[in-house]
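Whatever order the structure lists ligands and atoms in, that order sets their numbers, starting from 1. Worth saying up front: this structure is predicted, and the values here are computed from it rather than measured.
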Amino acid sequence: MNQGITLLPPAASAAARSTDRLYLFLVGFSSLMALAIVAVMVWFCYRYRKGSRADRSNAPTHGRGLEAAWTIAPFLVFMYLFAWAAHDYSRQFQAPGDALRVFVLAKQWMWKAEHSNGRREINELHVPINTPIKLVLASQDVIHSFFVPALRNKRDVVPGRYTVMWFQADRTGEYMLLCAEYCGTNHAEMKGRIIAMEPQDYARWLDGGADHPGLAERGYAIFRRNGCMGCHAAASSVHAPELSGLLGRRVHLADGSVVVADETYVRDSMVEPQKAIVAGYDAIMPSFKDQLDEEEIMAVIEYIRSLDTGRLMGERP
Ligand code: HEC
Ligand SMILES: [Cu+2]
């Protein structure tokens with residue numbers, strides 16, 4: 001496939017179309033304002049040119065009604081634009097709880113994706129349409145940026161933390177995926193495609209590649225190998241919090257604050273345990289920063305998530 005870069009492919013989601021409308025409105029309204037001002041300017045230049053016989057007596061010094069009108073009308077229009085944009089923007093950060101999660105790891109110079117059942121792909125991302133997709137993005141080296149023009153959406157991928165992006169495509173097809181942050185020599189080669197399919201095709205595709213353990217199964221093995229059980233198992237003599245049901249739970253911290261445990265929180269609990277201490281516990285958890293890479297951490301998170309349903313409890317990896 002040698003598809004050139006289309007700068008503005010047709011929008012592939014409702015959110016993307018809303019962005020298009022917003023942008024058109026903004027450009028249209030600004031152009032209209034600019035045109036109106038220039039038209040009046042040109043008219044005055046002509047009318048009051050040197051030597052014209054225009055009436056210059058009794059020129060008004062001010063017109064309150066007019067001034068109020070040209071201040072208030074644009075103000076209202078731009079506040080409306082602001083509200084619209086703020087609404088769309090904040091919606092970008094509220095992934096629906098039932099969204100399908102895909103883990104995406106960026107590295108020089110490729111995109112690696114892993115689906116919940118363990119199917120992996122490189123520089124391609126298969127997704128079902130009409131389904132909210134939540135991408136959890138991590139970087140293994142430098143800052144990258146996950147950019148899909150057809151979705152009118154872009155999210156930085158920063159080493160040392162997770163970022164999240166969600167979307168719901170409603171048109172099957174292939175969309176260009178680009179890296180929009182200069183990340184080294186082959187930055188321009190760091191591109192791929194999103195393949196949006198009918199949900200039943202996606203389900204078939206997903207099953208076709210489940211040839212190795214899913215994230216949660218791998219996470220369970222990593223969890224055991226690193227001795228997490230020594231403290232976090234129910235039978236342990238160490239006083240450590242119960243991890244099942246953690247994701248989405250409100251956690252009270254020793255410093256009095258309350259956070260909602262999301263992927264970033266759980267990740268930080270492993271690599272920087274001192275950053276947030278759970279209220280009522282001692283800060284005895286060691287950091288696993290040097291033991292676990294981003295893929296392993298994500299697997300552990302998916303394992304912890306699977307505890308909610310009990311699906312994996314006691315199951316062997
Ligand atoms: C030496 C005992 C010990 C080990 C080993 C240990 N933890 Fe912990 N962990 C704790 C304690 C105590 C806390 C609560 C205090 C804190 O927040 O640091 C905790 C907190 C956490 C939290 C936050 C829980 C919450 O309710 O907010 C997570 C997530 C976590 N650990 C995961 C892990 C994982 C994954 C491993 C293995 C890679 C691990 N822990 C290994 C003792 C341990
Ligand atoms: Cu990059």
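- Within 6.0 Å of OH on Y23 lie no more than 12 heavy atoms contributed by other residues, nucleotides or ligands.
- Of all protein heavy atoms, the one closest to atom 12 (C) of ligand 1 is D282 O, 3.4 Å.
- Of all protein heavy atoms, the one lying nearest to atom 42 (C) of ligand 1 is M285 CB, 3.6 Å.
- The tally of protein N/O/S atoms under 2.8 Å from the Cu ion (ligand 2) stands at 4.
- Within ligand 1, counting atoms from 1 as listed, the ones closer than 4.0 Å to a heavy atom of Y265 are 23 (C), 25 (C), 27 (O).
- Comment: R204 engages D201 in a salt bridge, judged by a side-chain N to carboxylate O separation of less than 4.0 angstrom.
- Salt bridge annotation for R64-E67: absent, with no cationic side-chain nitrogen under 4.0 angstrom from a carboxylate oxygen.
- Of all atoms in ligand 1, listed by their number and element, those nearer than 4.0 Å to a heavy atom of V251 are 27 (O).
- In terms of protein heavy atoms, atom 11 (C) of ligand 1 is closest to P241 CD, 3.8 Å.
- The shortest separation from a heavy atom of H239 to ligand 1 is under 4.0 Å, placing the residue in contact.
- Around atom OH of Y89, no more than 12 heavy atoms belonging to other residues, nucleotides or ligands sit under 6.0 Å away.
- By the 6.0 Å contact criterion, CZ on F93 is enclosed, its count of non-hydrogen atoms from other residues, nucleotides or ligands being greater than 12.
- Residue Y281 approaches ligand 1 through these ligand atoms, each under 4.0 Å from one of its heavy atoms: 14 (C), 15 (C).
- Relative to atom 30 (C) of ligand 1, the option among M270, H232, H252 with the closest non-hydrogen atom is H232.
- Distances from atom 18 (O) of ligand 1 to the heavy atoms of V238, L247, I277, L253 put I277 nearest.
- The pair K134-E263 counts as a salt bridge, with a side-chain nitrogen and a carboxylate oxygen less than 4.0 angstrom apart.
- Within a 6.0 Å radius of CZ in R49, other residues, nucleotides and ligands contribute more than 12 heavy atoms.
- Every atom of ligand 1 is numbered from 1 in the order shown, and the set under 4.0 Å from a heavy atom of I284 is 1 (C), 12 (C).
- Heavy-atom contacts from other residues, nucleotides or ligands closer than 6.0 Å to CZ of R161 number 12 or fewer.
- With respect to D141 and K107, no salt bridge is recorded, no charged nitrogen being found less than 4.0 Å from a carboxylate O.
- A cation-pi arrangement is not found for R101 relative to W166, the charged atom failing to lie both closer than 6.0 Å to the ring centre and inside a 45° cone about the ring normal.
- A salt bridge links E295 and K112; the closest N-O separation between the charged side-chain nitrogens and carboxylate oxygens is under 4.0 Å.
- Residue contact check for ligand 1: A276 places a non-hydrogen atom closer than 4.0 Å to it.
- Checked by atom type, the side-chain pair H144/Y182 shows no donor-acceptor distance below 3.5 Å.
- Under 4.0 angstrom from ligand 1, the non-hydrogen atoms of V278 come from both its backbone and its side chain.
- The number of heavy-atom neighbours closer than 6.0 Å to CZ of R250, taken from other residues, nucleotides and ligands shown, is 12 or below.
- Selection from F223, Y303, F288 by nearest heavy atom to atom 41 (C) of ligand 1 gives F288.
- The protein heavy-atom contact nearest to atom 37 (C) of ligand 1 is C228 SG, 1.8 Å.
- A cation-pi contact links R267 to Y162, judged by a cut-off of 6.0 Å to the six-membered ring centre and 45° from its axis.
- Protein heavy atom at the shortest distance from atom 22 (C) of ligand 1 is S269 CB, 3.7 Å.
- The shell of residues lying under 4.0 angstrom from ligand 1, judged by heavy atoms, includes G227.
- When non-hydrogen atoms are compared, ligand 1 lies under 4.0 Å from the side chain of L246 (C-beta onward) but not from its backbone.
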